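Just so you know, these numbers come straight off a predicted model, no measurement behind them. To find a chain, count down the sequence lines: A is the first, B the second, and so on, and within it residues start at 1.
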Protein chains: 2
Amino acid sequence: MPPSNLDTPASGAGDGASPRDTKERLLDAAERLFAERGFEGTSMRAITQGAGTSVSAANYHFGSKEKLLQEAIRRATEPVNARRIELLDIAIAASEGAPLALETILDAYLRPVIEFRRANRPDEGRSIAARLFSDPPELIQPIKIEIFGPMTRRFSQALAETMPERGSLDIELGHQFLIGIMVYVISGQLESSSLAATHPEGVDEGLLLQRMIEFVAAGLRALPPA
Amino acid sequence: MPPSNLDTPASGAGDGASPRDTKERLLDAAERLFAERGFEGTSMRAITQGAGTSVSAANYHFGSKEKLLQEAIRRATEPVNARRIELLDIAIAASEGAPLALETILDAYLRPVIEFRRANRPDEGRSIAARLFSDPPELIQPIKIEIFGPMTRRFSQALAETMPERGSLDIELGHQFLIGIMVYVISGQLESSSLAATHPEGVDEGLLLQRMIEFVAAGLRALPPA
DNA sequence: GTCTATAGTTGGATAGAC
DNA sequence: GTCTATCCAACTATAGAC
């Protein structure tokens, strides 16, 4: 929005961090801290210290802590959902009218989650997207509706078309079970569970994606025909 | 622990609430509020107002906000886990050495969750147990280990014995997927999801239990033999 | 065992200089 | 656009009376 200045803005204590502009550094720190400790557990001071700037700079850019949370979630989730829809559209175009395989739909839904996670947060366990299910609903609901609503409807529709003999309640239930598994995984729970105790080497991401798809596909197929 | 007094203790502003003793009322209010808003989002003032008593009474009984959270989670989850193990033991005793059916194990795991939810929180959507996956790990981890560790090991073992041809990593993964679905459900997400939008009548609890068992059983059976 | 009152800290947000 | 300094509200925990 501002005329792109080739220099770093003015002065700023942002010398320790990367030289990207303050707004980006704030979003980075906010995403990391909100993901780890939630909205109420994270102070503006912690975020601005993490970004190497001041509380007033954050309020200048975002207006309030609540809007900063929403912007951080939006930035993290919008490209994932765009990619999901893109993969679904590609699959539909390739299918030439035939119903999609269940595994194809699930792959389009889950693969972008795993891949963006590796690309953007190579170290962190918990994604800020998981906070959509534990942070205060009044902050979270607008994002859910705006960013997730259209994508969710596309996948509900795709599932229903691929399993036309199932009731809509059962399909929605299965869809929700899929989301439950995904949220659990991106919450980093695998890393602090009995699985981590018995298998400290961790789980390969490709294998994890494959197992999630197999598991959910079988679960959905087990839903009774109406 | 104190000699059971037949009268209500002394005076107390607890006249609006039920006449049970202060400690119980505090745990009730804490369970409800921590479940809804999390540890950091809930103040001692809100809890003690909800219990019709004072902050100092709460600190007298529990020592700190953190211990109050841990006690509230313990009280809510211990009987559920005891019942799970009891159902598993009953099934094992009845099986006379034969491996248990997958559905029997899953029923023992999930049924107590659904039933205690209906019995104790007829109105509330979100269970405090769900906060085991979003509240600060340093508060939560001790409870997980103490209250959930033995129960989880029993069920991991039961799953492994019923599916001897599967690798332990895959069994643990499937176990974690089961937990993910259960956490999602007890977080009340079904009530604020696309499912609630399309099916505002809600889902019958018996049907929900049945569908969860079918879904997870099929998912587990889809795991590849080693 | 419970209260009122308060100590001591930390929080979000803003004013005003630069 | 960013800073320092500050306001004021809310928090946890405790002291001390009863």
Margin query: Looking only at side-chain N and O atoms, does Ser194(B) offer a donor or acceptor that is under 3.5 Å from a partner on Gln176(A)?
Written below: yes

Note to self: In this structure, how many angstroms lie between the C1' atom of dG11(C) and the CZ atom of Arg37(A), rounded?
What the structure shows: 14 Å

Notebook entry, point to check: How far apart are the closest heavy atoms of Ala35(A) and Arg126(A), and which atoms are they?
Noted result: O-CD, 2.7 Å

Next item on the list: Any chance you could lay out the salt bridge (Lys or Arg N to Asp or Glu O under 4.0 Å) test for Asp28(A) and Arg75(A), step after step, and finish with the verdict?
Entry: CA-CA 10 Å; Asp28(A) 290 344; Arg75(A) 191 190 62 157; 2.9 Å; yes

Next item on the list: Identify, between Arg45(A) and Ser64(B), the residue whose nearest nucleotide on DNA chain D lies closer to the 5' end.
Entry: Arg45(A)

Next item on the list: From the options dC3(D), dA13(D), dA13(C), select the nucleotide whose nearest atom is closest to the side chain of Val55(A).
Entry: dA13(C)

Notebook entry, point to check: How close or far is atom P of dG11(C) from atom CG of Asn59(A), stated in whole angstroms?
Noted result: 14 Å

Notebook entry, point to check: Ser54(A) near the nucleic acid: base, sugar-phosphate alone, or nothing, with a heavy-atom cut-off under 4.0 Å?
Noted result: base

Next item on the list: Round to the nearest Å and state the distance from Tyr60(B) atom OH to dC3(C) atom P.
Entry: 13 Å

Next item on the list: In whole angstrom, give the distance that lies between atom CG of Leu68(A) and atom C1' of dA13(C).
Entry: 14 Å

Item checked: Candidates dC3(C), dT2(D), dC11(D) - which lies nearest the side chain of Ser43(B) -> dC11(D)

Next item on the list: Give Thr42(B) one of three labels, base, sugar-phosphate or nothing, depending on what nucleic acid heavy atoms sit under 4.0 Å from its own.
Entry: sugar-phosphate

Check: Given atom CD of Gln49(A) and atom C1' of dG12(C), what is their separation to the nearest angstrom?
Finding: 15 Å

Check: Given atom CG of Leu26(B) and atom C1' of dT2(C), what is their separation to the nearest angstrom?
Finding: 11 Å

Note to self: Looking only at the side chain of His61(B) (C-beta and beyond, no hydrogens), which of the listed nucleotides dT2(D), dC3(C), dG1(C) gets closest?
What the structure shows: dG1(C)

Item checked: Euclidean distance, atom CD of residue Glu66(B) to atom C1' of dA13(D) [Å, nearest integer] -> 12 Å

Check: Under 30°, 30 to 60°, or over 60°: which ring-plane class applies to Phe133(B) and Tyr184(A), parallel, tilted or perpendicular?
Finding: tilted

Item checked: Side-chain donor-acceptor contact under 3.5 Å, Ser193(B) with His175(A) -> no

Margin query: Looking at the base of dC3(D), is there any donor atom on it, or on the side chain of Ser56(A), that sits under 3.5 Å from an acceptor on the other one?
Written below: yes

Notebook entry, point to check: Separation of Met44(A) atom CE from dT10(C) atom C1', in whole Å?
Noted result: 15 Å

